[in-house]
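In this chain, numbering begins with 1 at the start of the sequence shown.
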Amino acid sequence: MSIHKDVKKITTNTLQKMKAAGEKISMITAYDFSFAQIFDAAGIDVILVGDSASNVMAGHETTLPITLDQMIYHASSVVRGVNRSLVVVDMPFGSYQGNSKEALGSAIRIMKETGGHSIKLEGGEEVVESVKRIVSTGIPVMGHLGLTPQSIYKFGTYTVRAKEEAEAEKLKRDALILQEAGCFALVLEKIPASLAKMVSESLQIPTIGIGAGPHCDGQVLVMHDMLGINVEFKPRFLRQYLNLHEQITGAVQQYIRDVKSNDFPNEKEQY
Ligand code: KIV
């Protein structure tokens, strides 16, 4: 029996049941109405309005510049396209790190102004007070450990995290702390598969991996990477399901030729 097929709306409880039943959770990013509508109708479990919008939508080098207002714009567009998937909205850099009051204020704005179903924030012990305060108001929180792109200037590189014992131990501790604080799920980004396995097995809440191997309870990919819109980015963990960059380039070049040669519009394409 598939839990995912049986439910009309995916909730945080559904994800919990999927973990308990050993049914994997599918998650993809989206940033606008049209793609969210396609992904939701295709049957994706979770849509993440990632702050990767800063990279793939706005063209910034990092996720740091995107603002709370911009995230709210993307998330409210996504929510209008969704009937069934659970929508998770990333809290952008600077909207929650100050203190737990500020974090709660930002989370409330996201929930009120977007209609999203939950929020995600990066970090472990450092953000636990914020997680507790947000969860206590009834807002579901997804955690994010491992490679946390909002800390890129601290890391200095996008390579695999927690290969060393000390960082791996901290990650395991942080995962338990976040679960204890009330997170309903955790993203594990770019960590060794063996560590992700240990963490996934030690937690009651589901883990969603990206570059964290096959033992997580679910997987997430950035839509521009898996659809081959962004072809420059080719990390080992990525499976590219389409080459939309090539297909779109071909279609646009054909359109240009058709316009220039007076082939478009033809008699049937006019009034
Ligand atoms: O912003 C994002 O797209 C993310 C995923 C990589 C998990 O946080």
Hey, does the side chain of Lys190 reach the backbone of Gly211 with a donor-acceptor pair shorter than 3.5 angstrom? no

Can you tell me how far the CG atom of Asp51 sits from the CD atom of Gln70, to the nearest 0.5 Å? 11.5 Å

Can any side-chain N or O of Lys9 pair as donor or acceptor with the backbone N or O of Asn83 at less than 3.5 Å? yes

Identify whether Leu176 and Met198 are in the same connected component of the hydrophobic contact network (ILVMFWY, side-chain heavy atoms under 4.5 Å). no

Kindly say whether Gly123 contributes a backbone atom to a donor-acceptor pair with the side chain of Thr148 at under 3.5 angstrom? no

Is it true that Leu171 and Val128 fall in one hydrophobic cluster, defined by side-chain heavy atoms closer than 4.5 Å? no

What's the verdict on side-chain contact (heavy atoms from CB on, under 4.5 Å) for Ile134 and Leu121, showing C-alpha distance, side-chain angles and the deciding distance? CA-CA 11 Å; Ile134 296 168; Leu121 47 74; 4.0 Å; yes

CE of Met18 to CD1 of Ile25: how many Å apart, nearest 0.5 Å? 5.0 Å

Answer with yes or no whether the hydrophobic clustering places Val56 together with Val231; edges join I, L, V, M, F, W, Y residues whose side-chain heavy atoms lie under 4.5 Å apart. no

Is there side-chain contact between Ser76 and Glu113, with at least one heavy-atom pair below 4.5 Å? no

Tell me if a side-chain donor or acceptor on Gln219 pairs with a main-chain N or O of Gly213 at a distance below 3.5 Å. yes

Would one find more than 12 heavy atoms of other residues, nucleotides or ligands at under 6.0 Å from atom CD of Glu180? no

Would you find a donor on one side and an acceptor on the other, under 3.5 Å apart, between the side chain of Ser100 and the backbone of Arg133? no

Assign the ring pair His224 / Tyr31 to parallel, tilted or perpendicular, where the plane angle (0 to 90°) is split at 30° and 60°. tilted

Say you draw a straight line from OG of Ser151 to CD of Glu122; how long is it, rounded to the nearest 0.5 Å? 6.0 Å

Might you work through the side-chain contact (heavy atoms from CB on, under 4.5 Å) test for Lys17 and Glu23, ending with a clear yes or no? CA-CA 8 Å; Lys17 284 188 192 143; Glu23 183 177 328; over 6 Å; no

So if you build clusters from Ile, Leu, Val, Met, Phe, Trp, Tyr with side-chain heavy-atom gaps below 4.5 Å, do Ile28 and Leu186 land together? yes

Please examine the side chains of Leu68 and Tyr96, heavy atoms only from C-beta on, and report whether any two atoms are closer than 4.5 Å. no

Indicate whether the side chain of Gln247 and that of Asn243 have a donor and an acceptor atom separated by less than 3.5 Å. no

Heavy-atom closest contact (Arg80 atom, Phe33 atom, distance): O-CE1, 3.2 Å

Given Asp69 and Arg109, is the salt bridge (Lys or Arg N to Asp or Glu O under 4.0 Å) satisfied, shown in steps? CA-CA 9 Å; Asp69 285 340; Arg109 274 202 67 198; 2.7 Å; yes

First locate atom CZ of Arg257, then atom NZ of Lys260, and finally report the distance between them rounded to the nearest 0.5 Å. 12.5 Å

Begin with the C-alpha distance, continue with both residues' side-chain angles, and end with the deciding distance and a verdict on salt bridge (Lys or Arg N to Asp or Glu O under 4.0 Å) for Lys197 and Glu201. CA-CA 6 Å; Lys197 180 172 191 282; Glu201 286 172 358; 3.2 Å; yes

Side-chain (Thr63) to main-chain (Ser52) donor-acceptor, under 3.5 angstrom: no

What do you reckon, is OH of Tyr73 surrounded by more than 12 foreign heavy atoms closer than 6.0 Å? no

Glu267 atom CD, neighbour heavy-atom count above 12 within 6.0 Å: no

So CG of Asp40 and CG of Leu86: to nearest 0.5 Å the spacing works out to 11.0 Å

Minimum side-chain heavy-atom gap Ile66-His74 below 4.5 Å: yes

Do His144 and Glu189 touch side chain to side chain, with heavy atoms closer than 4.5 Å? yes

Counting heavy atoms not belonging to Lys170, are there more than 12 under 6.0 Å from its NZ? yes

If you count heavy atoms of other groups shown closer than 6.0 angstrom to CZ of Phe155, is the number above 12? yes

Apply the test side-chain contact (heavy atoms from CB on, under 4.5 Å) to residues Met27 and Val187: give CA-CA distance (whole Å), side-chain angles for both, the deciding distance (0.1 Å), then the verdict. CA-CA 10 Å; Met27 173 159 131; Val187 165; 3.9 Å; yes

For the pair Phe237 and Phe233, name the ring-plane relationship: parallel under 30°, tilted 30 to 60°, perpendicular over 60°. perpendicular

Side-chain heavy atoms nearer than 4.5 Å, only ILVMFWY residues, links allowed to pass through others: does that put Ile152 and Ile210 together? no

Looking only at heavy atoms, the pair that brings Cys183 and Val131 closest together is SG-CG1, 3.7 Å

Within the distance-only criterion (no hydrogens, no angle test), does the side chain of Glu126 pair as donor or acceptor with the backbone N or O of Gly124 below 3.5 angstrom? yes

Minimum heavy-atom distance Met91-Ala103, with the two atoms named: CE-O, 3.4 Å

Please report the shortest heavy-atom distance between Gly50 and Asp90, naming the atom on each side. CA-OD2, 3.2 Å

With a 4.5 Å heavy-atom cut-off, do Phe184 and Ser118 have their side chains touching? yes

Which pair of non-hydrogen atoms, one from Ile110 and one from Ile119, has the smallest distance, and what is that distance? CG2-CG2, 3.9 Å

Of all the heavy-atom pairs spanning Leu203 and Thr207, show the shortest one and how long it is. CD1-CG2, 3.9 Å

Taking atom CD of Glu269 as the centre, report whether more than 12 heavy atoms of other residues, nucleotides or ligands fall under 6.0 Å from it. yes

Can you tell if the side chain of Met71 reaches within under 4.5 Å of the side chain of Val49, non-hydrogen atoms only? yes

Considering only heavy atoms from C-beta outward, does the side chain of Glu232 approach that of Asn230 to under 4.5 Å? yes

Looking at Gln150 and Gly94, would you say the former's side chain and the latter's main chain have a donor-acceptor pair under 3.5 Å? no

Taking everything shown except Glu125 itself, do over 12 heavy atoms lie less than 6.0 Å from its CD? no

Just wondering, do Lys24 and Asp45 contact through their side chains at under 4.5 Å, heavy atoms? no

Tell me, yes or no, whether the heavy-atom count around His245 atom NE2, taken from other residues, nucleotides or ligands under 6.0 Å, exceeds 12. no

For a side-chain contact (heavy atoms from CB on, under 4.5 Å) check, start with the C-alpha distance between Thr62 and Tyr158, then their side-chain angles and the critical distance, and finish with the verdict. CA-CA 11 Å; Thr62 73; Tyr158 285 100; 4.1 Å; yes

Once rounded to the nearest 0.5 Å, what's the spacing between atom NE2 of His117 and atom CD1 of Ile10? 11.0 Å

